[in-house]
Structure formats: C-alpha cells, structure tokens
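Just below is one structure, and these are the notes that go with it.
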Amino acid sequence: SRIWGGEKIEDEDWEILEETLIQADIGPLLAMELVEGFREFKKESTGNKDWRGWLSQVLLKEISENDSRLFAGTAGKDLKALFLIGINGVGKTTVAGKLANYYQQKGEQVSLVAADTFRAAAIEQLQVWADRAKVHCIKGSAGADPGTVVYDGLEASLRRKDSLAIIDTAGRSHVNKNLLAELEKVSRIIGKHLPTDRVENLLVIDAMAGQNAFLQAESIGKAVPINGVILTKWDSQARGGIIFRIQKELGLPIKFIGVGEKIEDIIPFDPESFVQALVF
Amino acid sequence: QLVEKFSGIFKKLRSKGKLSEQDVDLVLKELRMVLLESDVHFRVVKDLVNRVRERAVGRDVLDSVTPGEMVIKTFWEEIKNILGGEAHSLNTTGNIPVLHLLVGLQGSGKTTTAAKLASWLKKRGISPLLVSTDTRRPAAKEQLAILAHNSGVAFFDDSSCVTPLSMIQAAMSAAREKSADAIVVDTAGRLHVEKDLLAELRELIGEMAFQERFLVLDATTGQEAVKVAETFRDWVDPTGLILTKIDTDARGGAVLSIVAQTGWPVKLVGVGEKLEQLEVFHPERMASRILG
Ligand SMILES: Nc1nc2c(ncn2[C@@H]2O[C@H](COP(=O)(O)OP(=O)(O)OP(=O)(O)O)[C@@H](O)[C@H]2O)c(=O)[nH]1
Ligand SMILES: Nc1nc2c(ncn2[C@@H]2O[C@H](COP(=O)(O)OP(=O)(O)OP(=O)(O)O)[C@@H](O)[C@H]2O)c(=O)[nH]1
Ligand SMILES: [Mg+2]
Ligand SMILES: [Mg+2]
C-alpha cells in the first residue's frame, strides 16, 4: 500500500507508530512526543522513510550512551559490592544467583549475601542459587535485622578476600516509607565498608511492568542512589519500553537483561537488539 | 477530587445547554492520557473513549455541573460497569474437597496468595489443605510450608509425587482422611509464551475438576496484560482474577483491560505481603484508582 504515497497512507503510519509505542509500554507522553517528532520528520524529508527505520534510529540514539558495564574504570581486586533492590517478585534473588555465576566465571571471587530476612524461604532460595553458581553464601538468621546481615556479610567477605559481594534484599512496595528507610539504612552500612566507586546499587524491574516501573525507579531512587537497572523476564517478549522513560527522565543506564529462569539466562544490555525487538 | 485535577481544561469549557463535540473531545483527549498512564490497554482505551463520546455528545448539561464534570462522570460509570457492579464471591460449593487452583506469571504472588486464600477460607469455617505442585522454583515448597505453618493451615507434601497430577491426587486422599473440605493448589509460575508449560496446566485441568481456577496477576502489569489473559484463557480457562500488589499504588489499568476483554470476575485483591492482606474487590475503588 506504500505505492500510493498519499496523505491517507501517512495517517495510518502515525497511528501504527503510536500503537506500537504504547503497546511497548513507552508511556503516553513519550509516545506523543515521538509521534510529533515523526510528523516533523515527514514534513521536512522528501525521501520515503519508513516509520520503523526512523523509530529505530531515534530510539537507538536515546540509549546509545548507555554504558552497560559494572564498575567501569574501577581497578583492583579489593572488594566490590552489588546491591540488588526492587519491588516484590521482580527477580532479584534469581538475578543475584545469575550474576554470581556470571562474575565467578569472569574470575571474580564472589560471595552472595542473603539480606532478605523477611520473606518465607528467601534464604533457602538464595542458598540453592549459591550451590548452582558454586559460590559462598553468607547468611544470617531468618528474621534478623538486614543491616546486621549486610554488616556481618561484608566483614566476612573482606576476611575471605572476596572481590565481589552480591547482596540480595527483600522485595518491598516502593511507597512503603518504612521499607524505603530500611533500604537507606542498609545502603549507608555498605557505604561505611566500601567507597562509592566500588558499590553498584542496581534496581531490578520486570519487563512486563507498565508505567508503575518508572514510579518504582523514581521512588526507590530517592532512598538509594541507583547506578543502574536490570530488566528481567524479557523472554516474555514484552518490549520493556519503560526503560526509555527511565533513561530520559532519571538518566539510569540498563546493565543486564534477564532472559529466563536458568542460571545462564542473563545477558549484558545490548541497545541494538533491544531496539530491534521493540520496533520490528 | 477528579474534577480538581482537570480544572484547567474545564476553565476552557463554557457551561452551555448541551455538550458540543469539541467540548467532549477536549476532555476525552486528557482522559485518554490518564488511562494510558494507568496502564489500561490501548484498544480498551479506544473503545471506552468512543463509547463515552457517544453518550456524552448532545447530552443535557445540568445546571449544577459543568460539561467537563458530565464527561468524567460518564467515564467513571463506564469503567465501573466494566469492572462489575458488586463484589464477587468465591465458589466454595461443590464436591468435597473443593479444589482451588492458582496460576499465573512468575513472581505474580501465587504462593503468597495460596496461603492467604487458605487463611481466608479457614476464617469462614472451611478446613483447607495447602499443596504445592511447583517443582521448578528453588525452595518453592519450603516457602509454602512456612506460610502454611504461619497461617495455621495444614500443608500436604509427598516427595514421591513427581507430577502435578499425582501430587494433587495424593492430596485428595489426604484431604479425605483429614476431613479437609478444600484444597488450595499452588503452581509454578509460567509465561504466556511458554506453551509447553501451559500445556502442562491444560493437561492437569483435563484430569481434575477445579471449582476455581484463578489467574493471579500483578497490578503493575502494563500493556502485556491482555495478551497474558487471552493466552491463559485459551489454555486454562480461568474462573476469575486475583489482583496482587495493589499496595504498590499501581493504578491497575491491567485489571480493566482484562475484565473488558474476558468478562472475568475479580474475586480478590492482595494489598500487602502479610497473610491477612487479602481483600474483596471493590469496583468503585478500582475505578477511582484507574482515573488517577
Ligand atoms: N521467565 C523468567 N522468569 C524469571 C526471570 N527472572 C526471574 N524469574 C522468575 O521470577 C520469579 C521470581 O523471582 P525471584 O528471584 O524470587 O524474585 P524476587 O525479586 O527475589 O522476589 P521477592 O524476593 O519475593 O521480592 C521466579 O519464579 C523466577 O524464576 C527471567 O528473566 N525470566
Ligand atoms: N507488596 C505486595 N507484595 C506481595 C503481594 N502478594 C505477594 N507479594 C510478594 O510478592 C513476592 C512474590 O510472591 P510469590 O508468592 O513468591 O510469587 P509467585 O507467583 O508464587 O512466584 P513464582 O512461584 O516464582 O512464580 C513475594 O515477595 C511476596 O511477599 C501483595 O499483595 N503486595
Ligand atoms: Mg527474593
Ligand atoms: Mg510461587
């Protein structure tokens, strides 16, 4: 139907563009901006540019600066830490296990720290992942104060001469003031043990989440300075477009993508394939 | 309170005898953005906006309200109608033991909700038995066993059962022995794109009669909600929805999208992590949430 090239075809184009963007969870405001941008582009360009080609370029530009490396520019074998945070059920514990395996294979000496002392069988769940990744798991007792577990955990990790401690936390509602305060407290405890360039606070979000994921990033980000985002369950084929809003308004880079339930199902964020999956 | 939010647009609208098409379109444009921001599905928003436009244009504006208020009221009524007039009850009747099945995506809250549901039934004089068929997630059975213990509900497990079907059949014999009149079955999380796992559920439903088959859905789910619901409908034929994590302040548009497309009743809502944080669904409260 492109052979006609008339006004009518262009109308359908921007509607499909908007629909694609909304269904990718990019959000109505950003979708509207992009559609306006496309209209401007169509007015100014004479060539017959397909909206998909235009959109891929624009979206790629939005995340081209994304640095998916952790601890970029930080050298040495001294202890570093990953602090995994996020709302309930997004995949933090699973990501902890996957990253433990990933970094162990890269030559890091890793310990997992089971700081979720609240949820039923959370410690047992992380222990299974530690066994699978063949890494040490530092645990406290169920119901213990998470701050204490993290304090003791980092002390133990330092004694063991680990190069990386991955801290799993309990899921929480990002609008629960007490739980955000708890996160802030634990973050300060980490800060007393390690310099900021040796700590990465990573927000874990579900690829199927809607606009609420942006509010999660905004709210949790006020309690703990977030260094990066891990997007899980991308194997659901959800487009995860919310990351564009998170990138644009909060400047948070995406570090890893979870693509399944097995230990190897984690990949460093690749802007090209992410945009490709969204647009085509 | 909704009217205050839109006071900007309302100032632009003059109070006339009838609502003109332009008046209505101005408000509809704003409301469309609100619904999309609430994660209501693109297509459901389109249908809703068209229906409201039909109802609102040419309508008499009462002296006491402005045109904008009329449009908002119409919207709210339409949403409330989709979500259902009143709260729906659980199907607790049937051959004893009554079987309740919980299915859904990974991390949606099934295990926690299974224990909450068992606790809910217990408070209403029913004696439930909790059982987990999740052999995939690390420590899934331990998680349910602990929650069962905390809620004072019996937990059944037989490590010799390797399939979900054999586990449930063994649970049924145990239920009869213990005079338990309900069995709440937890399942492993699965994606709507994992067809082999959906087939596993379909096979299970073919073999056992479940009085309730709940799709447990995270209230933060975005546009994917309709695809998820329609797939689970085709493979599992749910009898109702349980919405979880409403306490994340998620506007929950996903529930409107799903109910609009499937007509399922929303039976219960999870409002927190504790066992008692399970409530009856209130359509009016949900409608207000969705409208921001
Ligand atoms: N399909 C798929 N499932 C995943 C992925 N990541 C995690 N999961 C599953 O999501 C469910 C929840 O994962 P958890 O690791 O327990 O999530 P959590 O954030 O630690 O949960 P809480 O601690 O209870 O807040 C589990 O069934 C995981 O197997 C992924 O990338 N893809
Ligand atoms: N804030 C909040 N958290 C909830 C609610 N319901 C469940 N959760 C939490 O969500 C997380 C996931 O719950 P689970 O019961 O493990 O979810 P699941 O569906 O069984 O997960 P899989 O078995 O891995 O698919 C846990 O941290 C629960 O405590 C709720 O209504 N509100
Ligand atoms: Mg966890
Ligand atoms: Mg479970």
Side-chain angles (χ1 to χ4, degrees), chain A residues 18-29 31-32 87-94 97 118-129 131-132 142 170-176 205-216 219 232-233 235-242 260-261, chain B residues 32-43 45-46 105-112 115 136-150 188-194 218-228 244-254 270 272-273:
Chain A
E18 191 193 38
E19 209 173 297
T20 303
L21 292 171
I22 297 287
Q23 291 188 6
D25 286 311
I26 243 168
L29 283 170
M32 193 166 72
I87 68 159
N88 306 83
V90 292
K92 299 175 294 299
T93 304
T94 307
F118 170 74
R119 211 211 63 214
I123 299 171
E124 290 87 322
Q125 183 189 5
L126 191 67
Q127 180 62 63
V128 172
W129 281 107
D131 295 341
R132 287 177 180 179
R172 65 204 63 222
S173 158
H174 61 288
V175 303
N176 183 317
I205 58 173
D206 189 324
M208 283 178 280
Q211 300 310 299
N212 191 266
F214 171 76
L215 298 174
Q216 292 165 27
S219 172
T232 61
K233 309 178 199 171
D235 47 315
S236 63
Q237 295 175 19
R239 301 305 202 284
I242 194 66
E261 299 192 77
Chain B
R32 179 175 176 271
M33 295 299 271
V34 171
L35 292 184
L36 290 173
E37 190 69 27
S38 289
D39 296 322
V40 181
H41 193 265
F42 182 86
R43 235 163 271 134
V45 174
K46 206 174 191 176
L105 302 170
Q106 288 89 344
S108 59
K110 299 175 293 299
T111 305
T112 310
R136 271 193 295 278
R137 170 171 159 154
K141 295 217 172 117
E142 287 87 323
Q143 183 187 3
L144 190 59
I146 293 168
L147 293 175
H149 173 79
N150 294 347
R190 64 207 68 214
L191 297 173
H192 52 302
V193 299
E194 294 179 293
D218 188 324
T220 67
T221 311
Q223 295 288 313
E224 215 62 15
V226 167
K227 223 182 273 165
V228 172
T244 62
K245 308 180 202 170
I246 278 290
D247 52 304
T248 54
D249 272 9
R251 305 247 288 254
E273 296 193 73

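Chain A is the first sequence line, chain B the second, and so forth, proteins listed ahead of strands; every chain is numbered from 1.
- Side-chain atoms of A/Arg119 never come within 3.5 Å of backbone atoms of A/Asn88 as a donor-acceptor pair (strictly under, hydrogens ignored).
- Ranked by heavy-atom pairs under 4.5 Å with chain B, the first of A/Gly97, A/Pro28, A/Gly89 is A/Pro28.
- Only the side chain of A/Phe118 comes within contact range of chain B, judged by heavy atoms closer than 4.5 Å.
- Residue with the most contacts toward chain B among A/Ala209, A/Ala24, A/Gly171, A/Ala122: A/Ala209 (heavy-atom pairs, distance under 4.5 Å).
- Only the side chain of B/Lys46 comes within less than 4.5 Å of a heavy atom of chain A; its backbone N, CA, C and O stay farther away.
- Per-residue counts of heavy-atom pairs under 4.5 Å with chain B were compared for A/Lys233, A/Glu19, A/Gln237; the largest is that of A/Glu19.
- Interface remark: of the candidates A/Ala238, A/Gly27, A/Ser219, A/Ala207, A/Ala238 forms the most heavy-atom pairs closer than 4.5 Å to chain B.
- Here the side chain of B/Asp39 pairs a donor or acceptor atom with the backbone of A/Gln211 at under 3.5 angstrom.
- There is no contact between A/Ile242 and chain B, counting heavy-atom distances below 4.5 Å.
- Residues that satisfy the salt bridge (Lys or Arg N to Asp or Glu O under 4.0 Å) test with B/Arg137, not counting sequence neighbours, are absent from this structure.
- Per-residue heavy-atom pair counts under 4.5 Å with chain A were compared for B/Leu144, B/Thr112, B/Val193, B/Thr248, and the maximum is reached by B/Thr248.
- For B/Leu35, no part lies near chain A; criterion is any non-hydrogen pair under 4.5 Å.
- A salt bridge is absent between B/Glu194 and B/Arg136; no separation between the charged side-chain nitrogens and carboxylate oxygens falls under 4.0 Å.
- A donor-acceptor pair under 3.5 Å links the side-chain atoms of A/Arg172 to the main chain of A/Ala170, judged by distance alone.
- Counting heavy-atom pairs under 4.5 Å between each of B/Pro138, B/Ala139, B/Gly272 and chain A puts B/Pro138 at the top.
- Side-chain N or O atoms of A/Ser173 include one that pairs as donor or acceptor with a backbone N or O of B/Asp247 at under 3.5 Å.
- A donor-acceptor pair under 3.5 Å is absent between the side-chain atoms of B/Thr220 and the main chain of B/Ala250, judged by distance alone.
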I'd like to know whether B/Gln143 forms a side-chain hydrogen bond (donor to acceptor under 3.5 Å, both in side chains) with A/Gln125, so could you lay out the CA-CA distance, the side-chain angles of the two residues, the decisive distance to 0.1 Å, and finally the verdict. CA-CA 9 Å; B/Gln143 183 187 3; A/Gln125 183 189 5; over 6 Å; no
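- No part of A/Gln127 comes within reach of chain B, as not one of its non-hydrogen atoms sits under 4.5 angstrom from that chain.
- Only the side chain of B/Leu191 comes within contact range of chain A, with heavy atoms under 4.5 Å apart.
- If you measure heavy-atom distances from A/Asp235 to chain B, the contacts under 4.5 Å come from both the backbone and the side chain.
- Looking at A/Ile87, only its side chain comes within 4.5 Å of chain B, counting heavy atoms on both sides.
- Formation of a donor-acceptor pair under 3.5 Å by the B/Glu273 side chain with backbone atoms of B/Lys245 is not found in this model.
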